[in-house]
Amino acid sequence: MKRMKGALISVALLSSAAAQASSAEAWQQSRQVMTQACINASHLSKVRVLGEPIEYDDSTGYSALLLEGRYPQRHMNNKRGRELCLFQRSSGRASISEADKLRWVK
């Protein structure tokens, strides 16, 4: 009886852990949604993502992504610029702020 009880507890724990884990495909799709939302919200032209996203915990619900591109305004003379995108995972909304002062660390 003890052996059966232990086996049932083990199965329950394993299945609950599997239910909470996301698949690699789900993570990839989530990242694509975030990347596209940030690029669409960007004010830069020829936008590309720099580095990897910064994932905040679920209590915050945000991810951050650093973007780089060119300022399209005539007076900016096609100058290179950076933006920080905050992506709200629950709503799928992206907010952009200028981030030219952020340094890229390798």
Side-chain angles (χ1 to χ4, degrees):
M1 186 68 173
K2 283 186 180 183
R3 188 176 278 175
M4 180 66 118
K5 190 175 183 180
L8 287 175
I9 290 173
S10 296
V11 168
L13 288 174
L14 287 173
S15 61
S16 68
Q20 292 178 359
S22 295
S23 68
E25 294 84 22
W27 279 108
Q28 184 176 2
Q29 182 180 10
S30 174
R31 179 159 181 194
Q32 287 175 347
V33 167
M34 175 183 59
T35 300
Q36 195 59 54
C38 287
I39 288 172
N40 290 344
S42 175
H43 302 111
L44 301 172
S45 63
K46 300 179 184 174
V47 181
R48 67 185 183 102
V49 174
L50 293 179
E52 296 294 319
I54 299 168
E55 304 288 349
Y56 290 91
D57 65 20
D58 287 338
S59 67
T60 303
Y62 282 91
S63 298
L65 197 59
L66 187 60
L67 305 173
E68 183 178 70
R70 299 280 177 178
Y71 286 107
Q73 298 87 353
R74 173 176 253 147
H75 69 278
M76 294 299 285
N77 297 323
N78 206 30
K79 179 182 170 189
R80 191 169 73 181
R82 291 190 180 141
E83 294 175 330
L84 184 64
C85 176
L86 289 181
F87 179 75
Q88 188 176 31
R89 293 187 299 262
S90 62
S91 69
R93 291 191 344 205
S95 299
I96 298 289
S97 286
E98 184 181 302
D100 288 336
K101 294 179 181 179
L102 287 177
R103 293 185 329 159
W104 181 252
V105 179
K106 289 186 178 184

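Hydrogens, waters and symmetry mates are skipped; everything else that's a heavy atom, side chains included, is used. For the single chain, residues carry numbers from 1 onward in sequence order.
Here the side chain of Arg89 pairs a donor or acceptor atom with the backbone of Tyr62 at under 3.5 angstrom.
Separating the CG atom in Leu67 from the CG atom in Leu84 is a distance of 8.0 Å, to the nearest 0.5 Å. Once rounded to the nearest 0.5 Å, the distance linking OH of Tyr71 with CZ of Arg82 reads 10.5 Å.
Cluster annotation: Met34 is not connected to Leu66 through the hydrophobic network of ILVMFWY side chains, with a link wherever side-chain heavy atoms come within less than 4.5 Å. When the side chains of ILVMFWY residues are joined at heavy-atom separations under 4.5 Å, either directly or via intervening members, Val49 and Val33 end up in a single hydrophobic cluster.
In this structure, Gln73 places its CD atom where more than 12 heavy-atom neighbours from other residues, nucleotides or ligands lie under 6.0 Å away.
Closest heavy-atom contact between Phe87 and Gly92: CE1-O, 3.3 Å. The shortest non-hydrogen separation linking Ala64 to Tyr56 is CB-CE1, 4.1 Å.
Legend: disulfide (SG to SG under 2.5 Å) pairs involving residues 46-76, not counting sequence neighbours: none detected.
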Side-chain donor-acceptor pairs under 3.5 Å in residues 35-47, sequence neighbours left out?
| from | atom 1 | to | atom 2 | distance (Å) |
| --- | --- | --- | --- | --- |
| Thr35 | OG1 | Arg31 | O | 2.9 |
| Gln36 | NE2 | Asn40 | OD1 | 3.0 |
| Asn40 | ND2 | Gln36 | O | 3.3 |
| Ser42 | OG | Leu44 | N | 3.0 |
| Ser42 | OG | Glu83 | OE1 | 2.5 |
| Ser45 | OG | Arg70 | O | 3.1 |

